[in-house]
Amino acid sequence: MIVLGIETSCDETAAAVVRRDAGGRGTILSNLVRAQLAEHAPYGGVVPEIAARAHVAVLDRLVAKAMAEAGVRYADLGAVAATAGPGLVGGLVVGATTGKAVALAAGKPFVAVNHLEAHALTARLTDGLAFPYLALLVSGGHTQILEVRSVGDYARLGTTIDDALGEAFDKTAKLLGLPYPGGPAVERAAADGDPARFALPMPLHDRPGLDFSFAGLKTAVRLAAERAAPLSPRDVADLCASFQATVAAIVGRRAERALAGFRARRPGVEPVLVVAGGVAANGAIRAALAAAAAAGGGRLVAAPLALCGDNAAMVAWAGAERLALGLTDPLDAPIRPRWPLDAAAAPVHGGGRLGARA
Ligand code: KG4
Ligand code: ZN
């Protein structure tokens, strides 16, 4: 089964072709990502309207190139999958409409993919992981811990009550004068810094549960930066190192707790923690999660760097997993800018007209 995947939910335009064999093993045949860094850099963040236009400008050629690199014809496809949410509405319209058009023209089924599900299932593509497992999704828009039970069956165990972790990295970078995107810049600066110089708070640290909060931490970094101003490169490095060490400790503690809960609920099942999303590229966070997994008698499965950030291989794979179960979507399937994976979990904040923000 060969599936074309399309991803346009934020600021990466991506197209990929993935094969899933009858035994459930996946192979990436092509995987193209075009980031829109230059377009958004002057604004220090993603501008939705610019993102949507940039997707329109390149997506058709990117799809053609992904198909050519994979060496498959449209007639060889089992389905066309596109991210239908959650994400920025303009980009979702571009990707889903393109996916539906290709599906219609090729006479193939369409699969509307949830971007978070695609991140959560990536470990099955890369490592052939069996259900159930825990997944920590950490990106610019999301921070959540899920129990992944089967395709389409997710229990959200914890989420952020304010900022996403990637957003906290991006905002910290911005206030310290580092370039966008902030995560890699903070990690680079932190490499030469002293993580013990600034004592930063760990919000919700001693409270039970698996929710996260990063807004207070961001404020603490700002206050520490104001006290130390004017900032030398050493100050910036020390602030980045202290921030990164603090979030790694927070995430590690939550992971330990999630693994302990998993072991209690599912005796006899090896506790596996998957980390996915752009922030999963961070070395300090990976190390904290690996330590937590080892302490909990389990193991950490981290996506290869190329599959941590947004990409279309994960969308094609989620499409293939759904197709294998007969879960395809009609051509009038809606896009869903807000689309929680676990519909039963209560909205944590921002229960607006369009649904929960987080
Ligand atoms: O998954 P992703 O590519 O896009 C979505 O938000 O869905 O994640 C992007 C986020 C950005 O906030 C970026 O700053 C963060 O991931 N990020 C990192 C690192 N690389 C990317 N954060 C910390 N350390 C990194 N090395
Ligand atoms: Zn993502």
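In each ligand, atom 1 is the first atom listed, and ligand 1 is the first ligand listed. Residue numbers start at 1 and run along the sequence shown.
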**Request:** Give the atoms of ligand 1, by number and element, whose distance to some non-hydrogen atom of Gly141 is under 4.0 Å.
**Result:** 6 (O)
**Request:** Classify the ring geometry between His115 and His119 as parallel (under 30°), tilted (30 to 60°) or perpendicular (over 60°).
**Result:** perpendicular
**Request:** From the options Asp170, Thr172, Leu137, Val279, select the one whose nearest heavy atom is closest to atom 12 (O) of ligand 1.
**Result:** Asp170
**Request:** Check each atom of ligand 1 against the heavy atoms of Gly166 and keep those under 4.0 Å away; list them by number with element.
**Result:** 12 (O)
**Prompt:** Does any N, O or S atom in His119 come within less than 2.8 Å of the Zn ion (ligand 2)?
**Reply:** yes
**Message:** Counting non-hydrogen protein atoms only, what is the nearest one to atom 7 (O) of ligand 1? Give residue, atom name and distance.
**Reply:** Asp310 OD2, 3.0 Å
**Distance-minimising heavy-atom pair for Ala288 and Ala248** = CB-O, 3.4 Å
**Message:** Under 4.0 Å from a heavy atom of Gly278: which atoms of ligand 1 are those, numbered in the order shown and with their elements?
**Reply:** 1 (O), 2 (P), 8 (O), 16 (O), 17 (N), 18 (C), 19 (C), 20 (N), 21 (C)
**Asked** So which heavy atom on Ala120 is nearest to which on Tyr154, and how close?
**Response** CB-CE2, 4.4 Å
**Asked** Where is the nearest protein heavy atom to atom 24 (N) of ligand 1: which residue, which atom, and how far?
**Response** Asn282 ND2, 3.0 Å
**Asked** What residue and atom, counting heavy atoms only, is the protein's closest point to atom 26 (N) of ligand 1, and at what distance?
**Response** Glu187 OE1, 2.7 Å
**Message:** Using a 3.5 Å cut-off on N or O atoms only, is Pro181 in polar contact with ligand 1?
**Reply:** no
**Request:** Would you please indicate yes or no on a ring centroid separation below 6.0 angstrom for Phe198 and Phe243?
**Result:** no
**Request:** Working to the nearest 0.5 Å, report the span between CE of Met314 and CD of Glu7.
**Result:** 5.0 Å
**Request:** Say whether, by atom type as modelled, one donor and one acceptor occur between the side chain of Ser213 and the main chain of Ile161 under 3.5 angstrom.
**Result:** no
**Message:** Restricting to N/O/S atoms, is His115 within less than 2.8 Å of the Zn ion (ligand 2) or not?
**Reply:** yes
**Prompt:** Any idea which protein heavy atom is nearest atom 22 (N) of ligand 1, and the distance to it?
**Reply:** Gly183 CA, 3.3 Å
**Asked** Got a salt bridge between Asp170 and Lys174, using NZ or NE/NH1/NH2 to carboxylate O under 4.0 Å?
**Response** no
**Prompt:** Ignoring hydrogens and geometry, is there a side-chain-to-backbone donor-acceptor pair from Asn311 to Gly309 under 3.5 Å?
**Reply:** yes
**Prompt:** Just wondering, are more than 12 heavy atoms of other shown residues or ligands nearer than 6.0 Å to CZ in Arg34?
**Reply:** yes
**Message:** Less than 4.0 Å is my threshold; does some heavy atom of Cys10 fall inside it relative to ligand 1?
**Reply:** no
**Asked** Just which atoms of ligand 1 are under 4.0 Å from any heavy atom in Gly140?
**Response** 5 (C), 6 (O), 8 (O), 9 (C), 10 (C), 12 (O)
**Fill in**
Per-atom filter on ligand 1: closer than 4.0 angstrom to a heavy atom of His115 are 7 (O)
**Fill in**
Checking distances from the Zn ion (ligand 2), one finds that the N, O or S atom of Asp310 closest to it is OD1
**Prompt:** Which atoms of ligand 1 sit under 4.0 Å from any heavy atom of Ser139?
**Reply:** 1 (O), 5 (C), 6 (O), 7 (O), 8 (O)
**Prompt:** For Thr83 and Thr8, what are the C-alpha separation, side-chain angles and deciding distance, and is it a side-chain contact (heavy atoms from CB on, under 4.5 Å)?
**Reply:** CA-CA 7 Å; Thr83 301; Thr8 54; 5.7 Å; no
